[in-house]
Enquirer: 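For reference, the structure I am asking about is given below.
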Amino acid sequence: MTITAHERADMSRSPIAGTDPTPAISLHGVSKVYRSGSETVTAVREVDLNIERGEFFSLLGPSGCGKTTTMRMIAGFDDPTDGEVRLTGNDVTGVPPNHRDVNMVFQSYALFPHMSVHDNVAFGLKRSGVAKREISGRVGEMLDLVELGDRAGHKPAQLSGGQQQRVALARALVNRPSALLLDEPLGALDLKLRQSMQSELKRIQREVGITFVYVTHDQGEALTMSDRIAVMNEGIVEQLGSPAEVYERPATRFVAGFIGTSNLLTGTAGEARDGGSDVRLADDHVVRAGTALLPGAAVDMTVRPEKIRITTHEPDAALSRVRGTVTDTVYLGSATHYTVRLADGTEIVVFCQNTSDALEVAEAGSAVWLSWQPQHSYVLPEAHASRPAPHTPADPSDEETHNHA
Amino acid sequence: MSTDTAHPVRPDTTPRAAPAARPRRRIDWGKYFTWAVLAWLFVPITFMIAFSFNDVSGRHNVRWEGFTLRWYGQAFAYRDLTEALLYSLAIALLTMLIAGIIGSLLGLALGRHRFHGKNSTNVVMFAAISAPEVVIGAALLSLFLLAGVKAGFVTIVIAHVMFTVSFVAITVRARVITLDPKLEEAARDLGAGPWTTFRLVTLPMLTPAIMAGGLLAFALSIDDYIITSFVSGEVTTFPLWIWGSTRVGIPPQVNVMGTLIFVVGVLLAVVNVIVARRRR
Ligand SMILES: Nc1ncnc2c1ncn2[C@@H]1O[C@H](COP(=O)(O)OP(=O)(O)OP(=O)(O)O)[C@@H](O)[C@H]1O
Ligand SMILES: [Mg+2]
């Protein structure tokens, strides 16, 4: 299976079999450059995205990677320096925010402090000239949806953080926008409240069926809530795919490192056979990779900590296996996390479920074997692309396949 | 002390003092200081109010001679004093209105926008505040003479607006700076145009500051003597009248009017606080 084919498949894939193929939001080659004096900051760099109708779409990335900037260009607060933003197929360049059919939920909520909860929620409806009677009905409905029906007369300052958050959500949703933009809406809440609000948000999204564009730097949140995720770094979309895809098959080193914990192994490709390859690691261990590689190619592989087994006896030779010394164990009740150092100093993290048949716990300092199924050594496509010579693919269905055997 | 519960027994320490003796009584200096400052502020005002009830017989209202409400009944006995007070009130109200509007717009611009000459505007504003009043008064007078404007009611208002506008601008600017720009963005996002956003979001949030600035302008205007004395022409304002009468003796009516002005000022300040609190 080739990675490039993979990525292409990801880009064109739509999880929602909508009747209308026009995406709710699309960005074409969008860049944003901030200039302050002689300095320029490229906050967003040539981003292409298609966000489908009814989708729960996340923009995930570390602080400063351009998530908010992307969002603000969709909402209309900033104009792209380059490229174009389309809402349901229409180019909206130069259209002010009050004429765009999207609504935003701000991280700081930005509730109007001098208005009651009811007036906050009614604000958008009044602007679009909805009849008075209809307004009070829709506001009431929406407040019921976010379970704040009894707080309509309160001022925002009289509400808790979680309640304010829900008012902000109601204020945006009540306008029935074609898409809702949420910029780290749960960022200010504590962990417990965050988790309950996550499922609450999912429930509301299912009920109203509106496209959600969700900005977060929390990978766990993105993985649990999203239909698709765009992983951003330094203004670039590094990968676009379903949660399982970005987790299981990270496209770049950055994605592998940012999403979950992963162990990075570097080595050189050896003999290719049976649709896989041997990879000689820096410490001379030879492991199997599930991808056929050109012999001699430099290889970056990742292995997820939960895929690795830790044993004191020698594992089956058919598995990928390495030997090392336990340097740290963290007992977490249902699981134990081990850190194992290989001969060349590479540290590997292993998550081990404490099931009843789990072996005796390895102590720090003891020599152990680590083993995993060859298909769990995931070869990062980036390494092939960025290095010369090797032709990677060995998928029989791929026309570019070269037989190295 | 707070670790007592964590370590109920600590044999290595000397026996503890009885619990009642432990929290040492600290003298609350902050409290005394506050009262001292309040006394400093209010003793003169208390005297003014008290002497408006003084049953004086002579010309000089400086010795307590008994309680009376007489002066309140005859508050407007001196026609020229009443006229002076009305002038002062009219000038102060006009100043509040004009300086309030211009100063608010200035404060909004200074707090929100970047523009050419922003820094020089700031400097000019502080210069207007810190320049000695005698200098401003003299300068204004020569300006009016040069321009051929007859000194009087209009020149007083112009002068008062000139020296109060900076106070309003600074008060409003301080509020504008702390305004969350996201509030206005939220309004835009919800379909409001720029003007509606200003009317429904920005202005209500600035109202307490605008009112505070306006009150300040009112207070500064109504008791200004120095600048007014330069540009008043034929007009006599309340402070000018009092100053003029010091040599012949100040009638208790002055205390009565001072008290009334003070009460109105306090009421306005209270209203402002209530409005500000309700908007929060
Ligand atoms: N108005 C601005 N002027 C100059 N630079 C800006 C401006 N807004 C954002 N930037 C820069 O653009 C980059 C991206 O900012 P952005 O706010 O989009 O990041 P983000 O992904 O939302 O980060 P966070 O998770 O911290 O909110 C940053 O380097 C930031 O410093
Ligand atoms: Mg952000």
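Computed from a predicted structure; not experimentally measured. Naming: A, B, ... by sequence-line order, numbering from 1 per chain.
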Enquirer: Any chance you could measure B:Arg188, atom CZ, to A:Met104, atom CE, to the nearest 0.5 Å?
Expert: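 Answer for the CZ-CE pair, B:Arg188 versus A:Met104, is 14.0 Å.
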
Enquirer: Which atoms of A:Arg72 are under 4.5 Å from chain B, going by heavy atoms: the side chain, the backbone, both sets, or neither?
Expert: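 Just its side chain gets close to chain B.
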
Enquirer: What I'd like to find out is whether the side chain of A:Gln107 reaches to under 4.5 Å of the side chain of B:Lys182, using heavy atoms alone.
Expert: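 Sidechains of B:Lys182 and A:Gln107: no contact.
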
Enquirer: Checking A:Asn175 against chain B: side chain, backbone, both or neither under 4.5 Å from a heavy atom?
Expert: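 Side chain only.
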
Enquirer: Give, as side chain, backbone, both or neither, the part of A:Leu125 having an atom under 4.5 angstrom from any heavy atom of chain B.
Expert: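 Neither the backbone nor the side chain of A:Leu125 comes within 4.5 Å of chain B.
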
Enquirer: Where does A:Ser128 contact chain B at under 4.5 Å (heavy atoms): side chain, backbone, both or neither?
Expert: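 Neither part.
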
Enquirer: Report yes if some heavy atom in the side chain of A:Asn98 is under 4.5 Å from a heavy atom in the side chain of B:Asp189; otherwise report no.
Expert: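 Sidechains of B:Asp189 and A:Asn98: no contact.
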
Enquirer: Under 3.5 Å, is there a donor-acceptor pair between the side chain of A:His114 and the main chain of B:Leu200?
Expert: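 Yes, the answer is positive, given that a donor and an acceptor are paired below the 3.5 Å cut-off.
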
Enquirer: Under 4.5 Å between any side-chain heavy atoms of A:Phe106 and B:Asp180, yes or no?
Expert: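 No, every pair of side-chain atoms sits at 4.5 Å or beyond.
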
Enquirer: In Å and rounded to the nearest 0.5 Å, what is the CG to CZ distance from B:Leu190 to A:Arg127?
Expert: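 Those atoms lie 9.0 Å apart.
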
Enquirer: Flag the pair A:Pro97 / B:Glu185 as yes when at least one side-chain heavy-atom distance between them is below 4.5 Å, and no otherwise.
Expert: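 A:Pro97 does not reach B:Glu185 side chain to side chain.
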
Enquirer: Indicate the atoms forming the closest heavy-atom contact of A:Ala110 with B:Ala186, along with that distance.
Expert: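 Minimum heavy-atom contact is O-CB, 3.9 Å.
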
